[in-house]
Every structure is written in structure tokens, then in C-alpha cells.
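So you know, we letter chains A, B, ... as the sequences are listed, proteins then strands, and number each from 1.
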Number of protein chains: 2
Amino acid sequence: MQSPKPRSPRKPKGQGAERREEILDAALTLFSQKGVHAVSTRQIAELAGISQPALYAYFATKDHIAAELCVRAFAILRQRMSDAGVTCQPTPQTFERALRVYIDFGLEEPNAYRVAFMLEKGAGFIEQTDGRPMEAGLDVFQVFHEIVSGFHAQGVMAGDDPLAVTQSLWAGLHGLVALLIARADFPWVERETLIATHVAMLRRGALK
Amino acid sequence: MQSPKPRSPRKPKGQGAERREEILDAALTLFSQKGVHAVSTRQIAELAGISQPALYAYFATKDHIAAELCVRAFAILRQRMSDAGVTCQPTPQTFERALRVYIDFGLEEPNAYRVAFMLEKGAGFIEQTDGRPMEAGLDVFQVFHEIVSGFHAQGVMAGDDPLAVTQSLWAGLHGLVALLIARADFPWVERETLIATHVAMLRRGALK
DNA sequence: CGCACTATCGATCACTGATAACTTATCATC
DNA sequence: GATGATAAGTTATCAGTGATCGATAGTGCG
């Protein structure tokens, strides 16, 4: 009976940080396909080529995996917003383009966006991950606020409280992205038409 | 040893539809406190005073409980929007007031709003519940669209696609409500200032 | 060789949503 | 009152989940 236990093939190829990346790759693939909640740690582990408990050598919880992906996605958004803001002449066209950077990101990375801004609280996500996705989101907001403030300095913004206008604009952008993500099967008008209408509406409402 | 089995106290008080309401009350309470995802069927059953499997005599799945709450929330919002729309003269003031009806509902009934508009998809929620929350949401949107169309008929709306403008306005409203609910600890400006700024921005963007 | 350390695994825990089979309360009918 | 049918609730159980624990294979070093 003491057969030499046909040991499952160990896969020690991942040395140090490589395994971590493999796990993140597997998780991102699965999250994108099925949504964060519908993916189990065993599925992630299988795709990564390791056992399920091995995940916990690299991430404290499943939420931490999602949080890591989220933070990385937001770094991308922050960079894009920053790039769009630097070369930003205070014209209505550049204003609309800055708004579109945000919308495009949300629609391109719906999972990251969901994790950052649409996940229910109380589910322990924000808390368990030390609010790191939240901080990453705040970074993006800060960049956005600087862009809006640039327009405000030129005297072209409506309203006299630039922070309030920034938050209001952000809310306006978030609403469109969040609804398009969460209610994708709603009978929306053609997407480009809707985005153009929305961006134009926000521009008219925010600029003099 | 064949002690007469200290039978757990049966609780047959719920006759027919009463139990259903008790379950919904318990579920709404728990969902509000901890979020839909963090509440288990056993917790709902305990608060409702029945065993966990007894839930399934009234609801096919846990998602169906949330769906029922969702539909009811939509019905309340629909009624309020309808009431506000009937007496609506096409002035900027009444326009802003109509927008505030939506925002006020969301902030007064954050739990209902969360269940209605902020539940995560991908967990099979909309699908498993035969799209009933979706239909209820369409009802609300229809009322909102009629109000906006009323303004459009007066020739005071910007843009030439009233449906696109309606969807855009809805997105703008949803964004503010959703963010105020989901990120209550964000460093927002004073709430009334933010709402006033937002409503004014949407009004300027939507009306000529 | 022997030792320590790291990376990994099998087994397992408490809990989840859901189902099956059984028991009990109620009620119309004899 | 006794009877069978039905509705309602129960216990017991299932497969699957996230997470933990102790044991072990592999590696580097003396």
C-alpha cells in the first residue's frame, strides 16, 4: 500500500515574484470573463498551475488579488488623465476630450472600474484591502481636479466653487460609466451617440 | 434515552403571504446593514424566525428575494416621479425640481436604491430573476422620459435626440446618488452645495 | 552527509446556497 | 371524533466556497 504516492507534478518554476504575476494574470483573465464574484480561488489556482492554498502565500485574501489588479488599472487611468491634462489648452474640445478619457477607461476596464467604484461596501472589500483601491481612485480624482482647476483659472468655468464643480463632473461621468457597465442590456441609444450627448451636456453645464 | 425530543418551537404564525413579507422585511434590514453579498440565507431565516430551507418555499433563490425588493423600490420611485411630472410646467425651476425628486429618493432610500441600481451583475441576478427588476427599471425610465419629452415638446431642450438626452440626464443623476451612497466617506463638499451644483449643471447642459 | 529554509501540497474547517425526505399543524369531509 | 389530503416547517445533507494547518519535497550551505 505504500506505493510511492504518484506525487502530483510540482511546478516550482515560479521563483519569487514570477508566481505572483502568474496568479495576477490568471485572475485577470478569469475576472474579465466571468466577473469577480463568479470566480473561485480554485479556478484561479488551476489556471495559474498551482494548488489553491498556494495562493495565500502571495495574497492575504481573494479580495487582495482583485485590489492589486484594481490599483494597477487605476495607475493606468491616472497616467492617461495626466497625459491628457498636460497638453490641455482650455478649449471646449480639449475639455470634452478629457472627459472622454475617463469614460473610455471605464468602458475598457469595466472590472477594474467595478472594483474601484461600484463594489458594495460592507462586503469588506475596501476595509480588508486597507483602502488601497480607494486611494488609487483618489489619485485619479486629484489629477482630474487639477485639470478642471486649470479651466477654472482661465475663467471659463461656470460656478464659483471649482471643487464642487469637479465633484459634480466626476459624478456625471461616473453615472454614465456605471450604468453602461451594470446595465449593459438596457435599451440604450447607440453608444457613441449617448457618449457624445453626455459629454456635450456636461461641457455645456460646466463651461461658460 | 428516547426523551420526547425537545422539539424546537415551531412558529406557524405566518399564514400564507405574511411569511413572505416577514422574509422580505428581514432581508431588507440585513441587506441594508451589511450589503446583499455579505448576508446569508441563514441570517435572513433566523431574523425572520424560520429555518433556512423554509425560505425556498417562498423564493426560488436568494437573488429572487433581492429582486422582489428591487421591484418594489422601483415602484415607489416611479410613483414619485409620476407625481412630480404631472404638475410640471416647463420652467427651469420645475426641471430642477424633477431632478431633485430622483436624487432625494436615492438619498432617502439608499438601501432601496442600492438594491435597485447598484447590485452587481455577473452573479446572475438579472438573469435568474427573469429580468423583472429590469422591467421595473424600464417603467421608471419611461416616466422620466415622458417628463423630459414634455420639455422637449416646448422646444426648450438642447440636443435633438430626446431619448439620448433622457438617458444622459439619468446617468448624470445616477452618478451623484450612487457615489454619495457608495463612497459616503469621500471628502465631499457640503452636500446641499454639491446637489445644487450638480442639478444646476445638468439643467444648463440639458436646457437651452 | 546533515541542517535550515522556502515553496508547495493534501487534508480539513466553517460556512454558503440549495435540495430531499420527513414531520407536523390545519381543515374539509365523513 | 376519526380520516385523509394539503400546506408549512423541520432536520439532515449535498457540493462548492474561502481560508488555515501540518507535513513534505526541493534547494542551498556547512
Nucleotide D:dT11, atom P - distance to CD of B:Glu46 in whole Å: 13 Å
So, are B:Glu96 and B:Arg100 salt-bridged, with charged N and O less than 4.0 Å apart? no
Could you label the plane-to-plane angle of the A:Phe144 and A:Phe141 rings as parallel, tilted or perpendicular, counting under 30° as parallel and over 60° as perpendicular? perpendicular
Report the distance from atom CZ of B:Phe59 to atom C1' of C:dT19, rounded to the nearest whole Å. 18 Å
Taking atom types as modelled, find out whether A:His174 and A:Tyr102 have a side-chain donor-acceptor pair closer than 3.5 angstrom. no
I'd like a list of close polar pairs between nucleotides 16-18 of chain D and the protein, N/O only, cut-off under 3.5 Å.
| from | atom 1 | to | atom 2 | distance (Å) |
| --- | --- | --- | --- | --- |
| D:dG18 | OP1 | A:Val39 | O | 3.4 |
| D:dG18 | OP1 | A:Thr41 | N | 3.3 |
| D:dG18 | OP1 | A:Lys62 | NZ | 3.1 |
| D:dG18 | OP2 | A:Thr41 | N | 2.7 |
| D:dG18 | OP2 | A:Thr41 | OG1 | 2.8 |
| D:dG18 | N7 | A:Arg42 | NH1 | 2.9 |
| D:dG18 | O6 | A:Arg42 | NH2 | 3.1 |

Can you list the steps and then say if A:His152 with A:Ser149 is a side-chain hydrogen bond (donor to acceptor under 3.5 Å, both in side chains)? CA-CA 5 Å; A:His152 188 79; A:Ser149 294; over 6 Å; no
If I take atom CG in residue A:Leu55 and atom P in nucleotide D:dT20, what distance separates them, rounded to the nearest angstrom? 12 Å
Count the heavy atoms belonging to other residues, nucleotides or ligands that lie under 6.0 Å from CD of A:Glu46, then report whether that count exceeds 12. no
Whole-Å gap separating P (C:dT19) and OH (B:Tyr58): 17 Å
Taking side-chain hydrogen bond (donor to acceptor under 3.5 Å, both in side chains) as the definition, give me every residue that meets it alongside A:Trp188, ordered by chain and number, with sequence neighbours left out. none
For A:Glu22 and C:dA7, what is the distance between atoms CD and P respectively, to the nearest whole Å? 14 Å
B:Lys34 has an atom NZ; how far is it from atom P of C:dC15, in whole Å? 12 Å
Quick one: label B:Ala57 by what it contacts on the DNA or RNA (base, sugar-phosphate, nothing), any heavy atom closer than 4.0 Å. nothing
